[in-house]
Amino acid sequence: MNVFHNIIEVRNIPNAVVTIGTFDGVHLGHQAIFKKMGMLAQSVGGQSVVVTFSPHPRQVLNIDSSNLRFICTPEEKLRKFEEFGIDNVLIINFTREFSRTPSEVFIKNYIIDNLKPSYIVVGYDHHFGKNRMGDFDLLTDLKKKYNFKVERIAAQDVEHIAISSTKIRNALAVGNVKSANRLLGYTYSLTAKVVRGNEIGRTIGFPTANLELPREYMLFNRGGAYACWVDYKGLTYRAMANIGHRPTIGDRIEGDMLVEVNLFGFDDDLYDEEITVRFIDKIRDEVKFEGLPELKAQLELDREKALALLVP
């Protein structure tokens with residue numbers, strides 16, 4: 001997959017099949033767009049192109065940016081693009097000046113002049129350009145003028161729930177990882193560096209890897225214990241994760257959530273190493289115990305529940 005960070009780098013993509021968006025999570029709805037793009041590209045002997053933006057437009061425009069959360073990092077998003085068959089990605093630097101670009105000017109100057117698309121493919125509710133005025137109807141009006149075709153992908157749903165990044169974020173906020181995974185079409189994960197903690201878990205037989213996670217990627221609003229898989233250096237381990245304030249230990253301030261992961265049968269040093277935690281199901285809500293013996297007893301029960309859920 002080719003990744004371009006400047007429009008002037010993009011040249012000679014044959015019969016480009018283009019889509020535009022932020023694609024947070026690269027969920028089943030996005031995957032339906034990518035699948036259609038692949039079919040169209042094959043039919044015209046072309047290549048697929050995702051046009052996306054960095055930073056996220058809401059970060060630049062300060063639209064509720066303090067509460068902005070993301071399902072995946074930019075690096076994870078690129079990996080998903082490649083996994084789902086995208087040939088080329090153009091990442092446009094999103095600035096306040098760029099945000100004032102009228103929709104038709106954006107299509108002409110960025111998409112038509114540089115990519116010369118055979119097709120532009122969009123989701124059922126896609127909007128773009130200044131004040132999000134561009135939509136499927138505008139593309140339909142422009143297709144004859146600029147000699148391209150337009151395809152709109154219908155809304156995708158799972159068990160009669162329309163798929164959207166917002167619904168996935170809302171599901172993760174309350175710890176409903178099973179619902180989030182169904183809407184994503186894959187297992188939700190966090191990839192982060194392991195940092196040193198207070199090592200209390202090690203004293204009760206449950207050493208944990210504490211993850212250093214930027215606030216914008218902390219989607220969980222409620223504490224709890226989770227069954228998960230951990231990927232590290234090409235190997236996969238069964239594990240359980242605790243997300244929350246550690247009320248029994250009492251060393252976390254309100255609003256400051258921590259992710260701790262206990263890898264089963266693993267006792268090596270993970271400090272400063274990067275691991276990926278894939279969430280399978282929630283085991284229980286976060287609870288404050290009377291002391292460490294009670295916490296240890298609960299963790300032993302949690303481990304048994306996690307093992308039952310983590311079937312290879």
Side-chain angles (χ1 to χ4, degrees), residues 1-26 29-61 70 72-123 126-153:
M1 184 178 75
N2 301 309
V3 180
F4 305 100
H5 294 272
N6 193 313
I7 191 69
I8 64 174
E9 299 174 359
V10 184
R11 290 290 183 272
N12 302 319
I13 294 179
N15 297 316
V17 178
V18 178
T19 192
I20 306 159
T22 54
F23 303 105
D24 186 30
V26 197
H30 302 143
Q31 293 166 39
I33 294 173
F34 297 166
K35 182 177 180 180
K36 183 66 174 181
M37 292 172 69
M39 294 170 60
L40 291 171
Q42 187 175 35
S43 71
V44 297
Q47 293 183 11
S48 57
V49 185
V50 167
V51 178
T52 190
F53 309 96
S54 181
H56 191 284
R58 284 173 57 188
Q59 289 177 301
V60 175
L61 301 177
F70 301 111
C72 57
T73 65
E75 295 79 12
E76 290 167 335
K77 189 186 298 186
L78 287 176
R79 286 195 291 268
K80 289 297 180 185
F81 288 166
E82 186 167 24
E83 178 182 342
F84 294 119
I86 294 301
D87 299 311
N88 303 276
V89 178
L90 169 61
I91 304 173
I92 294 176
N93 181 31
F94 194 93
T95 64
R96 284 191 171 273
E97 180 181 5
F98 177 80
S99 74
R100 292 188 283 270
T101 306
S103 303
E104 183 171 350
V105 173
F106 167 69
I107 292 297
K108 171 64 168 59
N109 291 355
Y110 285 83
I111 307 302
I112 304 301
D113 289 352
N114 291 279
L115 299 177
K116 299 177 176 56
S118 294
Y119 285 90
I120 297 178
V121 184
V122 295
H126 182 67
H127 292 79
F128 59 90
K130 182 180 179 181
N131 298 323
R132 293 172 52 82
M133 296 298 292
D135 57 11
F136 176 76
D137 291 336
L138 175 63
L139 292 173
T140 301
D141 291 340
L142 296 177
K143 66 181 183 180
K144 289 185 178 180
K145 180 177 180 181
Y146 295 123
N147 191 31
F148 64 87
K149 297 177 182 178
V150 184
E151 291 277 346
R152 178 164 59 177
I153 305 302

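Values in this document were obtained by computation on a predicted structure and should not be read as measured data. These values consider heavy atoms only, across backbone and side chains, with no hydrogens, waters or symmetry-generated copies.
- A distance of 5.5 Å separates OG1 in T95 from CD in E97, rounded to the nearest 0.5 Å.
- With a 4.5 Å cut-off on side-chain heavy atoms, L115 and V51 count as touching.
- Here the straight-line distance linking atom OH of Y119 with atom NZ of K36 works out to 8.0 Å at 0.5 Å rounding.
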Quiz: residues 139-151 side-chain donor-acceptor pairs under 3.5 angstrom, not counting sequence neighbours:
residue : atom : partner : partner atom : Å
T140    : OG1  : F136    : O            : 2.9
K145    : NZ   : E104    : OE2          : 3.0

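- For the residue pair M1 and L78, the shortest heavy atom distance occurs at CE-O, 3.4 Å.
- The CG atom of N2 lies 9.5 Å from the CD atom of E82; values are rounded to the nearest 0.5 Å.
- With hydrogens and angles disregarded, no donor-acceptor distance shorter than 3.5 Å links the side chain of D87 to the backbone of V49.
- Atoms CD1 and CZ, on I91 and F53 in that order, are 11.0 Å from each other to the nearest 0.5 Å.
- Remark: side-chain polar atoms of Q31 are paired, donor with acceptor, to backbone N or O of V26 under 3.5 angstrom.
- By the 4.0 Å N-to-carboxylate-O rule, K80 lies close enough to E83 to be salt-bridged with it.
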Intermediate values then yes/no, side chain to side chain contact (heavy atoms under 4.5 Å, CB included), N114 and R11: CA-CA 7 Å; N114 291 279; R11 290 290 183 272; 3.6 Å; yes

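- Atom-to-atom distance recorded for L90:CG and I13:CD1 is 8.0 Å, nearest 0.5 angstrom.
- Contact of the F70 side chain with the E76 side chain is not registered, since no non-hydrogen atoms from C-beta on lie closer than 4.5 Å.
- The aromatic rings of F94 and F98 sit perpendicular to each other, their planes meeting at more than 60°, with 30° as the lower class boundary.
- Taking the charged nitrogens against the carboxylate oxygens, D113 and K108 do have a contact shorter than 4.0 Å, which makes a salt bridge.
- Counting heavy atoms from C-beta on, the side chains of D24 and C72 come closer than 4.5 Å.
- Around CE of M39, the count of heavy atoms belonging to other residues, nucleotides or ligands within 6.0 Å does not exceed 12.
- Taking both residues in full, the closest heavy atoms of V17 and M37 are given as O-CE, 3.1 Å, listed atom of the first, atom of the second, then distance.
- In this structure, P117 and I112 have side chains that are in contact, with non-hydrogen atoms separated by less than 4.5 Å.
- Close placement of the F34 and F23 rings is indicated, their centers lying within 6.0 Å of each other.
- A 4.5 Å side-chain heavy-atom check between Y110 and I92 finds at least one atom pair inside the cut-off.
- Annotation: side chain of I107 is in contact with side chain of I20 (closest heavy-atom distance under 4.5 Å).
- In plain terms, the two heavy atoms of V121 and I153 that are nearest each other are CG1-CG1, 3.9 Å.
- Using a distance-only test at 3.5 Å, with no hydrogens or angles considered, no donor-acceptor pair links the side chain of S54 to the main chain of N93.
- At least one side-chain heavy atom of R96 sits under 4.5 Å from a side-chain heavy atom of L61.
- Evaluation of the side chain to side chain donor-acceptor pair (under 3.5 Å) rule for S99 yields no partner, not counting sequence neighbours.
- Within the 3.5 Å criterion, the main-chain N or O of S48 finds a donor-acceptor partner in the side chain of N88.
- S118 is not listed as a side-chain neighbour of V18, based on a closest heavy-atom distance of 4.5 Å or more.
- Considering all non-hydrogen atoms of both residues, P14 and G45 come closest at CB-O, 4.3 Å.
- Here the closest non-hydrogen pair linking N15 and V44 is ND2-O, 2.8 Å.
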